[in-house]
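As structure tokens, the structure follows; a few thoughts come after it.
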Amino acid sequence: LVSGDLFLALYSVIACAGLFIFFMAVAYVLLTILYRYKEQFSFTLKSIISFLYLRNFETIITTSSIMTAFCGVFIVAAVSNNITTNLVSNVSKSAPSMYLVDITKTQLPEVKSIIGETFTEYPIVRGRLRTINQKDIALLKNPGLEREFNMTYRDTLIPGEKVVDGVFGAPSEPNKNTVSIDKAFGDELGGVKLGDSLEVFIQGVTLTATITSIREVDSTSGIPFFYLVFPTSVLSTFPASYFGTADLSAEERKPVEAKLASLFPNIIPIDTRVVVETLTSLLGMVVTVVSLVGIPSIILGILLVLVMLYQSLYERSGDVLILRAFGFTKNNVTALFIIESVFLSLLAGVIAYGLAHLVAFFLNIYLFSFTAFSFATLPLFIILGNIAMVCIFSFALSSFLVKTSLKKLLAEK
């Protein structure tokens, strides 16, 4: 998508440039604050802060580059982790073995007798939501709310449902239209409460009902769920089609499917196990592809971090001359190098981790429409691994500089 759209590619480059400028501003502010309060730290820390501050532009560029490298890697990891989390959570492991779609009311008794006691039917009445508390739904400017919805009627809860407010069931007053609404759907409408009224348009008839209960629904159970559930006395007079579920073994399902096909060709049987297996396989492919795409970014990002830190540390050889002249021991120099490296890596990692997950959070909401959000652990291991490597590099470089004679260091300078 990015490579096939010139403007999208251009926007991506601009976004990266903007991100780099943002990191430069963050690095500059932090460096300025640390330098202002450097006297409160030990000599080693003051030396590090002063060196970084005196190399102001170089320090900002180096730190911003490390942050950008980390952030690119972490965004891939965070988005990949959230895609996996949400896809896995929406693949039901407990769905009935068979769905039956588009059953008519006249066919219902015979379908029940063919399938047996595991058959459960769900009446479906299609309609549009017109208003909520006399406010036109079109004013919400959400096309998803203006479409036709599947509504149903019953007087009892189904597995996976629970009432969080109000009383579910038939209305206590005769000739009063009531409805139960799904909490997540109510939140999408801007929030609802008991006593609110809504208006639905069903097959040429406008029906007004009062909300008497709010439900939470397990949308991953594999059992059909509905945003709006009316009492039987309110909606059963409208023509309805039926959706059915059944739990049958593979051996039982084949003759049932054959008989239904010969008697009722309009009914569509769906083997849910095949659907779940297909979705699971596709999910595995998606995760593999995203992971493979992320691997080069991770490797290049870590190499960039190490190279920049190495360059920064090597430029400290002039400081080593001064520190050794003032009696700094090998351990002192090593500690200085390690602390500086760890500080830059940890600072860049923490800021990049937070920003990457902020990006993933907004992508969840506005691009993928995911409901679950989780923090990726891979970036944390990358930060720790990078800190371990820069500590090794810092130790090796400091050992080399300390062992090198002052005469040779002066000659290089």
Side-chain angles (χ1 to χ4, degrees), residues 87-128 147-161 168-170 179-180 182 185 200-205 215 217-285:
L87 290 181
V88 168
S89 66
N90 282 284
V91 176
S92 175
K93 304 299 182 183
S94 59
S97 64
M98 176 184 280
Y99 291 151
L100 297 107
V101 183
D102 205 20
I103 307 170
T104 66
K105 190 172 185 178
T106 56
Q107 295 169 339
L108 198 57
E110 193 163 357
V111 171
K112 285 182 180 180
S113 65
I114 292 172
I115 295 179
E117 59 183 15
T118 64
F119 177 76
T120 305
E121 76 273 9
Y122 302 87
I124 297 174
V125 178
R126 294 188 65 81
R128 294 181 183 274
R147 63 181 175 84
E148 274 197 330
F149 289 97
N150 288 334
M151 297 174 283
T152 193
Y153 56 86
R154 48 184 158 78
D155 298 320
T156 57
L157 295 171
I158 61 174
E161 283 185 328
F168 183 88
V179 65
S180 177
D182 171 57
F185 184 61
V200 292
F201 185 75
I202 306 173
Q203 301 168 9
V205 178
R215 296 166 295 117
V217 180
D218 179 9
S219 60
T220 66
S221 65
I223 298 174
F225 64 94
F226 300 84
Y227 294 143
L228 300 175
V229 178
F230 292 83
T232 303
S233 60
V234 174
L235 214 61
S236 60
T237 55
F238 290 90
S241 63
Y242 289 82
F243 182 93
T245 63
D247 276 313
L248 302 173
S249 65
E251 293 74 19
E252 295 171 326
R253 193 170 57 250
K254 290 179 181 178
V256 166
E257 289 177 347
K259 193 167 185 179
L260 289 175
S262 62
L263 295 176
F264 309 117
N266 63 294
I267 298 177
I268 304 172
I270 300 173
D271 185 353
T272 59
R273 290 190 178 91
V274 173
V275 175
V276 171
E277 288 173 2
T278 303
L279 288 175
T280 303
S281 175
L282 288 173
L283 173 60
M285 291 174 61

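Note that the coordinates shown come from a computational prediction; the quantities given were computed from them, not determined experimentally. Just so you know, these numbers use all the heavy atoms, side chains as well, and skip hydrogens, waters and symmetry mates.
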Say you draw a straight line from [atom1] of [X] to [atom2] of [Y]; how long is it, rounded to the nearest 0.5 Å?
| X | Y | atom1 | atom2 | value |
| --- | --- | --- | --- | --- |
| Tyr242 | Thr120 | OH | OG1 | 14.0 Å |
| Ile267 | Asp102 | CD1 | CG | 8.0 Å |
| Phe225 | Asp182 | CZ | CG | 7.0 Å |

Problem set entry | Leu260/Ile114 under side chain to side chain contact (heavy atoms under 4.5 Å, CB included): CA gap, chis, key distance, verdict | CA-CA 8 Å; Leu260 289 175; Ile114 292 172; 4.1 Å; yes
For this session: Determine, step by step, whether Phe119 and Ile103 satisfy the side chain to side chain contact (heavy atoms under 4.5 Å, CB included) criterion, reporting the C-alpha distance in whole Å, the side-chain angles of both residues, the deciding distance to 0.1 Å, and the verdict.
Result: CA-CA 12 Å; Phe119 177 76; Ile103 307 170; 4.0 Å; yes
Problem set entry | Test side chain to side chain contact (heavy atoms under 4.5 Å, CB included) applied to Ile115 and Leu100, step by step | CA-CA 11 Å; Ile115 295 179; Leu100 297 107; 3.6 Å; yes
Are [X] and [Y] side-chain neighbours, meaning at least one heavy-atom pair lies under 4.5 Å?
| X | Y | value |
| --- | --- | --- |
| Glu121 | Leu108 | yes |
| Ile202 | Met151 | yes |
| Thr118 | Leu248 | yes |

Using distance only, find each side-chain donor-acceptor pair of residues 226-241 under 3.5 Å and give its atom names and separation, not counting sequence neighbours.
residue	atom	partner	partner atom	Å
Thr232	OG1	Asp155	OD2	3.3
Ser236	OG	Thr232	O	2.6

Exercise. What residues, two or more places apart in sequence or in another chain, satisfy ring pair (Phe, Tyr, Trp, His ring centres under 6.0 Å) together with Phe243?
Worked result: Tyr99
Exercise. What do the steps show when you test Thr104 against Phe264 for side chain to side chain contact (heavy atoms under 4.5 Å, CB included), and what is the final call?
Worked result: CA-CA 10 Å; Thr104 66; Phe264 309 117; over 6 Å; no
Problem set entry | Pair listing, side chain to side chain donor-acceptor pair (under 3.5 Å) test, anchored in residues 253-271, at least two apart | Gln107-Asn266, Arg253-Asp271
Heavy-atom donor-acceptor pair, [X] side chain to [Y] backbone, under 3.5 Å:
| X | Y | result |
| --- | --- | --- |
| Thr272 | Pro96 | yes |
| Ser180 | Gly169 | no |
| Thr152 | Pro123 | yes |

Exercise. Would the number of heavy atoms belonging to other residues, nucleotides or ligands and lying under 6.0 Å from CD of Glu117 be above 12?
Worked result: no
